[in-house]
Asks: 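Have a look at the structure that comes next, please.
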Amino acid sequence: IPFALVGGIWLVYLLGYNLSVAIVVGFIALAGVAAEIGVLVLTFIDQELEKEEAKTGNLNPSQILEAVHRGTAERVRPIVMTAAAIVIGLLPIIWGGGTGSQVMQRIAAPMVGGMITTTLLCLLVLPVIYAIYLKFAKGR
C-alpha cells in the first residue's frame, strides 16, 4: 500500500490538485487494489514455498529464492493486465472534460499514479523484501 500511495501522491502533485474528499476516495480505492495485488503475490510465493518444502523437507536460501522467483513469475501477466485495465480505463476520465469531470479527475488521478508504481514495485521490490524476510524467518 505505501508503494501505491507514493505514485498516487506524485500524480496528484504533478496535476496540481489540492487534497479533497474526491482525492481521498481515489486513495481509498487505490489502497484496496494495491492490497489485493500484494496479497496475490505473497500467496503465490507461499504456495511455491510449500511445494518446494514438500519435495525436500527443508529449505535452503537458494530454494527460497527460486520459490520466490517462480511465485512472482506466475503472477506477472494477471497483475499487469489488472493494472493496465485500470489505468487505460481511467485515462479518458483524466483527459476528459464536461459536467462533473473535475470531481472524477480527482478520483482517478491517485488510482492511475498508484497503479503504475504498485505494479512495478509489487513485482520487483516486494518479492525481494519477502525473500529476505523468509531467509531470516527460516533461520538461514
Asks: Just how far is it from atom NZ of K135 to atom OG of S62, taken to the nearest 0.5 Å?
Replies: 8.5 Å
Asks: Find out if a path of hydrophobic residues (ILVMFWY) with successive side-chain heavy-atom gaps under 4.5 Å connects V6 to L90.
Replies: no
Asks: Is there a path of hydrophobic side-chain contacts, each under 4.5 Å between heavy atoms, that joins L14 and V12?
Replies: no
Asks: Is there a side-chain contact between Q105 and Y17 (heavy atoms, below 4.5 Å)?
Replies: yes
Asks: Would you say M81 and I116 are hydrophobically clustered, going by side-chain heavy atoms of ILVMFWY under 4.5 Å?
Replies: no
Asks: Could you work out, with side-chain hydrogen bond (donor to acceptor under 3.5 Å, both in side chains) as the rule, every residue matching T99, not counting sequence neighbours?
Replies: none
Asks: Between E66 and R70, is the salt bridge (charged side-chain N to carboxylate O under 4.0 Å, His left out) condition met? List the steps.
Replies: CA-CA 6 Å; E66 182 63 30; R70 280 194 318 264; 3.7 Å; yes
Asks: Is there a chain of hydrophobic side chains (I, L, V, M, F, W, Y, each step under 4.5 Å between heavy atoms) that links L40 to V68?
Replies: no
Asks: Measure the CZ-CG distance between F3 and L124 for me, rounded to the nearest 0.5 Å.
Replies: 10.0 Å
Asks: Please report the C-alpha distance between M104 and I94 in whole Å, then the side-chain angles of each, then the deciding distance to 0.1 Å, and finally whether the side-chain contact (heavy atoms from CB on, under 4.5 Å) criterion is met.
Replies: CA-CA 8 Å; M104 293 304 295; I94 289 179; over 6 Å; no
Asks: Atom OG1 of T82 and atom CD of E36: how far apart are they, to the nearest 0.5 Å?
Replies: 7.0 Å
Asks: Taking all atoms of both residues into account, what is the closest heavy-atom pair of G26 and P110, and its distance?
Replies: C-CB, 4.0 Å
Asks: Does any part of the side chain of I107, heavy atoms only, come nearer than 4.5 Å to the side chain of I23, both counted from C-beta?
Replies: no
Asks: Are there over 12 heavy-atom neighbours, none belonging to Q102, within less than 6.0 Å of that residue's CD?
Replies: no
Asks: Should L19 and V103 be counted in the same cluster of Ile, Leu, Val, Met, Phe, Trp and Tyr side chains packed under 4.5 Å apart?
Replies: yes
Asks: I'd like to know whether F27 forms a side-chain contact (heavy atoms from CB on, under 4.5 Å) with M111, so could you lay out the CA-CA distance, the side-chain angles of the two residues, the decisive distance to 0.1 Å, and finally the verdict.
Replies: CA-CA 7 Å; F27 277 116; M111 287 287 294; over 6 Å; no
Asks: Over all heavy atoms of both residues, which pair between T118 and A34 is shortest? Give the atoms and the distance, please.
Replies: OG1-CB, 3.8 Å
Asks: With a cut-off of 3.5 Å and sequence neighbours excluded, list every side-chain donor-acceptor pair involving residues 125-133.
Replies:
unit_1	atom_1	unit_2	atom_2	d
Y130	OH	D46	OD1	2.5
Y130	OH	D46	OD2	3.3

Asks: Supply the atom-to-atom distance I45 CD1 to E74 CD, rounded to the nearest 0.5 angstrom.
Replies: 10.0 Å
Asks: Considering non-hydrogen atoms only, spot the tightest contact between R106 and S20 and give its length.
Replies: CD-OG, 4.2 Å
Asks: Kindly give the heavy-atom pair with the smallest separation between I37 and C122, and that separation in Å.
Replies: CG2-CB, 3.9 Å
Asks: Any idea which heavy atoms bring G71 and F44 closest together, and the distance?
Replies: O-CB, 3.6 Å
Asks: Would E53 and Q63 satisfy side-chain contact (heavy atoms from CB on, under 4.5 Å), going step by step from the backbone distance to the final call?
Replies: CA-CA 9 Å; E53 195 168 22; Q63 290 172 316; over 6 Å; no
Asks: For E50, check salt bridge (charged side-chain N to carboxylate O under 4.0 Å, His left out) against everything at least two apart and list the hits.
Replies: none
Asks: Report the C-alpha distance between M115 and L30 in whole Å, list the side-chain angles of each, state the deciding distance to 0.1 Å, and finish with yes or no for side-chain contact (heavy atoms from CB on, under 4.5 Å).
Replies: CA-CA 7 Å; M115 285 311 301; L30 173 63; 4.0 Å; yes
